[in-house]
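What's counted below: heavy atoms across the whole structure, side chains too, no hydrogens, waters or symmetry copies. Per chain, numbering begins at 1; letters A, B, ... match sequence-line order.
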2 protein chains.
Amino acid sequence: MKNLLKHARSLQQKKFRDLHGSFLVQGQKVVKEALRSDLHVEDVLCTAEAAERMDFKEYTAVPAHELERVGTLESGNEVIAIVRKPSATPVLDLGPDELVIALDGIGDPGNLGTVLRIADWFGIQRVWCNLGGVDAYNPKCVQASMGALFRVRVDQLDLPEMLDRQHRSGATLYFASMEGTSAFEMRLAKRGVLVLGSESHGLSAEVRRLPGELIGIPGRGGAESLNVAMAASALCMEFTRQRSA
Amino acid sequence: MKNLLKHARSLQQKKFRDLHGSFLVQGQKVVKEALRSDLHVEDVLCTAEAAERMDFKEYTAVPAHELERVGTLESGNEVIAIVRKPSATPVLDLGPDELVIALDGIGDPGNLGTVLRIADWFGIQRVWCNLGGVDAYNPKCVQASMGALFRVRVDQLDLPEMLDRQHRSGATLYFASMEGTSAFEMRLAKRGVLVLGSESHGLSAEVRRLPGELIGIPGRGGAESLNVAMAASALCMEFTRQRSA
């Protein structure tokens, strides 16, 4: 038990998530999503009360005060699952009508989780992140995704190279930009990658160098910019409209 | 000085914001927005270094360790403004082509701030909140709005009554709903109120009773719902498209 708790606690850190290939899922709602998903749930740690309430058959009973030390939530650390990361498989080229979201240097795990939730809602099955960005299995991202992480595939990869490859294969690259053409005035390709830059630095020089179309969200107000999740939501809405039209 | 710091610190709490009619604005970026806005900035408390860097003419120099006690940010509490709330004026009926966002029981100040930022981006000038909801002058909301609070007018009011009044005056009420008709299939009125429910409870019974049209965001994925800010962003996108078409 002591070793199990130590193992679980270690997964708060990226280096141990990488080492063990597992991550933490916390809270009743998201743990239930994990159990329903295709991912392998290695263990569920929870209080006996929570297990009864949630009708868990297999779990490890852990006293509440021990769970507090494993969990990262401000409150409600009574159910924590240890979940196996999906196995790494080669990243395939875009399917015939596939739209992928690419995040070029996203820095905030909460924002990444929110983008996953948006992708999931709009039926986008893959999100690509540039190397060196935030870890999708960071507890804050897992929680913000509300289970979307279990359905949307996230790959960390050399984004400029991957985008270049997709462009060569005939996909259209869309770079979200304050200076972009209004999405309403564009005829959006069905096979494409929507690339969003980081909150603070926008798109990297390596990505900007690629042949992409600058796509904008028409705004009339005074806001300097939308954050990456709000921009993703607005642009996915228009992609969805044009795809269903 | 001691009284000023005590006064500033008290504004972390709603009852003192209500009592004094002022609120806190923190951080270089958002304080600059406040100074540029129409609101009355009562005082700027900052370190001498920050004042020089930001080229402030009028400010009260406060040592960094004292500012830490006034500010609520995790880091960067080196510039804090005390700003007068806009004076309460009667809430007017919708203008001829006006779209207003109404939040029916929003509970999270960060979400409210994000919705203000979205409203600001899309040129929506007013946001209505139901009585008893979160305070727009909560520091978390102020910061999440990134200055949008200084441009978008927020009123806390009896929402069911106000919506009823707008409906009687010929405006269309749109209730964001998982079960709503796809926004793409609706011909959206130019004069309307987009009503979004709370993250956890959706629309209140009093609002649902009103004659509104259920509007939905077409999704194909597995996400159970979008949060209020993501939904606002997606729906504002479609309202904007139809208004500009």
Side-chain angles (χ1 to χ4, degrees), chain A residues 29-30 32-33 36-38 99 110-111 113-126 144-152 178 182-185 199-200 216-245, chain B residues 29-30 32-33 36-38 99 110-111 113-126 144-152 178 182-185 199-200 216-245:
Chain A
K29 204 176 152 83
V30 193
K32 275 195 175 164
E33 293 264 12
R36 246 194 311 242
S37 77
D38 295 334
L99 177 67
N111 281 349
T114 306
V115 170
L116 293 179
R117 200 169 157 193
I118 291 164
D120 192 28
W121 177 271
F122 287 107
I124 293 167
Q125 293 173 324
R126 296 196 282 168
S145 88
M146 296 290 283
L149 177 63
F150 313 141
R151 291 178 292 265
V152 175
M178 300 277 294
S182 159
F184 304 141
E185 289 163 19
E199 304 87 338
S200 30
I217 301 167
R220 300 169 297 156
E224 207 178 292
S225 71
L226 292 169
N227 81 16
V228 61
M230 300 184 292
S233 187
L235 289 173
C236 284
M237 186 73 170
E238 180 60 10
F239 271 96
T240 301
R241 189 188 71 81
Q242 293 201 19
R243 291 163 92 81
S244 61
Chain B
K29 202 177 155 84
V30 193
K32 275 194 175 166
E33 295 262 12
R36 245 193 310 243
S37 78
D38 296 335
L99 177 67
N111 281 349
T114 305
V115 170
L116 293 179
R117 199 169 159 196
I118 292 164
D120 192 28
W121 177 271
F122 287 106
I124 293 167
Q125 293 173 325
R126 297 197 281 168
S145 89
M146 295 290 283
L149 178 63
F150 313 141
R151 291 179 293 265
V152 175
M178 299 278 293
S182 159
F184 304 142
E185 289 163 20
E199 303 87 338
S200 30
I217 301 167
R220 299 169 298 156
E224 208 177 293
S225 71
L226 291 169
N227 82 16
V228 62
M230 299 185 291
S233 187
L235 290 172
C236 284
M237 187 73 171
E238 180 61 10
F239 271 97
T240 300
R241 188 188 71 81
Q242 294 200 19
R243 293 161 92 81
S244 61

Extract all donor-acceptor atom pairs below 3.5 Å that involve side chains of residues 228-237 of chain B and protein atoms in other chains or at least two apart in sequence.
residue  : atom : partner  : partner atom : Å
B:Ser233 : OG   : A:Met230 : O            : 2.7

Q) Among all residues two or more places apart in sequence or in another chain, which pass the side chain to side chain contact (heavy atoms under 4.5 Å, CB included) test with B:Ser182? A) B:Phe184, B:Glu185, B:Pro218
Q: Provide the closest heavy-atom pair for A:Trp121 versus B:Ile217 in the form atom of the first, atom of the second, distance.
A: CZ2-O, 3.0 Å
**Q.** Heavy-atom pair with the smallest gap, counting every atom of A:Leu226 and B:Ile118
**A.** CD2-CA, 4.2 Å
(Q) If you count every heavy atom of other residues, nucleotides or ligands that lies below 6.0 Å from B:Gln125 atom CD, does the total exceed 12? (A) no
Q) Non-hydrogen atoms of chain B under 4.5 Å away: do they reach the side chain of A:Ala183, the backbone, both or neither? A) side chain
Q: State, with a plain yes or no, whether a side-chain heavy atom of B:Arg117 is found less than 4.5 Å away from one of A:Asn227.
A: yes
